[in-house]
Amino acid sequence: MIFDQGAISNSLAGANITLSDVWSVNNNIGNLSQLQNSEIGISLNNRFLIPDFTTSTIVFALPFDDKALGINYSNFGNVNYQIHKAGIGYAMKLGKNISGGIKMNYLSINLGDFYGSKSIISGDIGISAQLNTALKMGVLIQNPTLSKLANFEDERIPSLIHLGFNYEVSEQLNTIVTIEKDIIYPVSLRAAIVYRPAEKLTINAGVGTQPTTFGFGLGTQFNRVSLNIGSQYHQILGFSPEISLTYSFKN
């Protein structure tokens, strides 16, 4: 399937539900209204170092008056198997320490001339809450409508529930724990750390279960541009590297 969560998420083994950045458009729309400036991001993800398993993504966020709009577009695959994903989301602050958002996704799958193509609509619902000065919680429900992909064996887009917590140990260190449950598959646990040894340097690492994966990566910032590289490692299938660039339109 398509992998469009950004290099930071990749380096954290997918523990992204509490992150507040332009990639919240895809990772948890409920966080998007916490942005201070408009941002645009692009990324390139390669699964298991297989050229045909590459996802290209662009995301854009426009915050205004404690609200925000976000759009995204991603492309995965080759001429014989292509997935296009586009979406638009809206988030707003629901109180001093809580915000929420909704997002609509359009998914187009093209399997070549013989099998044809299919288009599906799905939705996301996201919530973000600052429980205290150090602890943040995020909740995301993906495809609550159980949108159907094909009549054969009642195939549907995955429906998932995510719950995550981010604890700020200090200004230099954050710890993240998330739980992910697909309605079909077992619970997946993810744990990660974000360490900032210097003002413009971030080191990320994470681990996940179901399947067992390890993530690691680095990030840096040059004025308005942020550069992040990361990878996940699967014990059998190998590395899945990703690079992301983000530009902030600061006021």
Side-chain angles (χ1 to χ4, degrees), residues 3-47 55-61 63 68 70 72 99 126 128 130-138 140 162 164-178 180 189-208 213-233 239-251:
F3 298 90
D4 56 1
Q5 300 173 322
I8 296 177
S9 172
N10 197 22
S11 66
L12 298 174
N16 56 37
I17 305 305
T18 57
L19 302 181
S20 300
D21 55 24
V22 67
W23 297 97
S24 299
V25 176
N26 290 337
N27 299 335
N28 184 357
I29 189 65
N31 288 312
L32 202 65
S33 61
Q34 298 168 21
L35 293 184
Q36 300 298 315
N37 304 294
S38 299
E39 294 184 7
I40 187 169
I42 57 174
S43 77
L44 194 66
N45 177 295
N46 182 228
R47 298 295 286 181
T55 299
S56 305
T57 303
I58 183 169
V59 290
F60 176 73
N72 71 282
S99 59
S128 175
Q130 192 72 42
L131 302 182
N132 57 44
T133 55
L135 183 62
K136 181 179 179 181
M137 180 184 74
L140 175 67
H162 308 257
F165 295 91
N166 184 331
Y167 183 72
E168 185 177 341
V169 179
S170 67
E171 291 184 358
Q172 287 76 39
L173 180 64
N174 280 32
T175 58
I176 306 171
V177 176
T178 69
E180 177 185 302
L189 302 177
R190 308 178 195 275
I193 60 170
V194 178
Y195 178 55
R196 304 176 186 86
E199 181 181 358
K200 295 185 178 182
L201 176 64
T202 303
I203 302 173
N204 304 319
V207 61
T213 56
F214 304 92
F216 54 91
L218 298 171
T220 188
Q221 187 171 345
F222 309 93
N223 296 322
R224 300 185 181 186
V225 178
S226 297
L227 170 66
N228 288 275
I229 57 174
S231 181
Q232 286 189 36
Y233 176 74
F239 290 94
S240 297
E242 183 166 1
I243 183 170
S244 297
L245 280 173
T246 302
Y247 181 83
S248 176
F249 299 88
K250 294 182 179 179
N251 296 328

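The analysis underlying the following values was restricted to heavy atoms, covering all of them including side chains, and did not include hydrogens, waters or symmetry mates. Note that the structure is predicted; figures quoted are calculated from it, not measured.
Atom CG of Asn132 has more than 12 heavy atoms from other residues, nucleotides or ligands within 6.0 Å. Atom OH of Tyr167 has 12 or fewer neighbouring heavy atoms from other residues, nucleotides or ligands inside a 6.0 Å radius.
Across Leu201 and Pro197, no two heavy atoms sit closer than the pair O-CD, 3.4 Å. Here the closest non-hydrogen pair linking Ala61 and Leu35 is CB-CD1, 3.6 Å. Nearest heavy atoms, Phe60 versus Val25: O-CG2, 3.9 Å. Shortest non-hydrogen contact noted between Ala13 and Thr213 is CB-OG1, 4.3 Å. Here the closest heavy-atom approach between residue Glu242 and residue Ser43 is recorded as OE2-OG, 3.2 Å. When all heavy atoms of Ser99 and Ser33 are compared, the pair lying nearest together is CB-OG, 3.4 Å.
Below 30°, between 30° and 60°, or above 60°: for Tyr233 and Phe239 the angle between ring planes is between 30° and 60°, a tilted geometry.
A donor-acceptor contact shorter than 3.5 Å links the side chain of Ser24 to the backbone of Leu19. The backbone N or O of Thr18 sits less than 3.5 Å from a side-chain atom of Lys136, completing a donor-acceptor pair. Proximity of a side-chain donor or acceptor of Thr220 to a complementary backbone N or O of Lys200 within less than 3.5 Å is detected. Listed for the Asn27 side chain is a donor-acceptor partner under 3.5 Å among the backbone atoms of Gln5. Checked by atom type and distance alone, the side chain of Thr55 never pairs as donor or acceptor with a backbone atom of Asn45 at under 3.5 Å. Side chain of Glu171 to main chain of Leu173: no donor-acceptor pair is present (N/O by atom type, distance under 3.5 Å, no hydrogens or angles).
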Exercise for the section: Evaluate side chain to side chain donor-acceptor pair (under 3.5 Å) for Ser128 paired with Asn31, printing each intermediate quantity in order. Expected result: CA-CA 6 Å; Ser128 175; Asn31 288 312; 2.7 Å; yes
Handout entry: side chain to side chain contact (heavy atoms under 4.5 Å, CB included) assessment of Asn174 paired with Arg196
Key = CA-CA 9 Å; Asn174 280 32; Arg196 304 176 186 86; 3.6 Å; yes
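With rounding to the nearest 0.5 angstrom, the CD1 atom of Ile40 is 5.5 Å from the CZ atom of Phe249. Glu168 CD to Gln130 CD: the interatomic distance, rounded to the nearest 0.5 Å, is 8.0 Å. Interatomic distance, Tyr247 OH to Ser38 OG, rounded to the nearest 0.5 Å: 11.0 Å. From Leu32, atom CG reaches atom CH2 of Trp23 across 12.5 Å, with rounding to the nearest 0.5 Å. Interatomic distance, Asn166 CG to Thr178 OG1, rounded to the nearest 0.5 Å: 11.0 Å. Residue Ser248 holds its OG atom at 11.0 Å from CG of Asp21, rounded to the nearest 0.5 Å.
Under 3.5 Å, the side chains of Glu39 and Thr246 contain no donor-acceptor pair of N or O atoms. Counted by atom type alone, Asn10 and Gln232 present one or more donor-acceptor pairs between their side chains at under 3.5 Å.
Under the side-chain contact (heavy atoms from CB on, under 4.5 Å) rule, Val194 has a single partner from Thr175, Leu12, Ile203, which is Leu12.
Within the 4.5 Å cutoff, no side-chain heavy atoms of Phe3 are placed close to those of Ser240.
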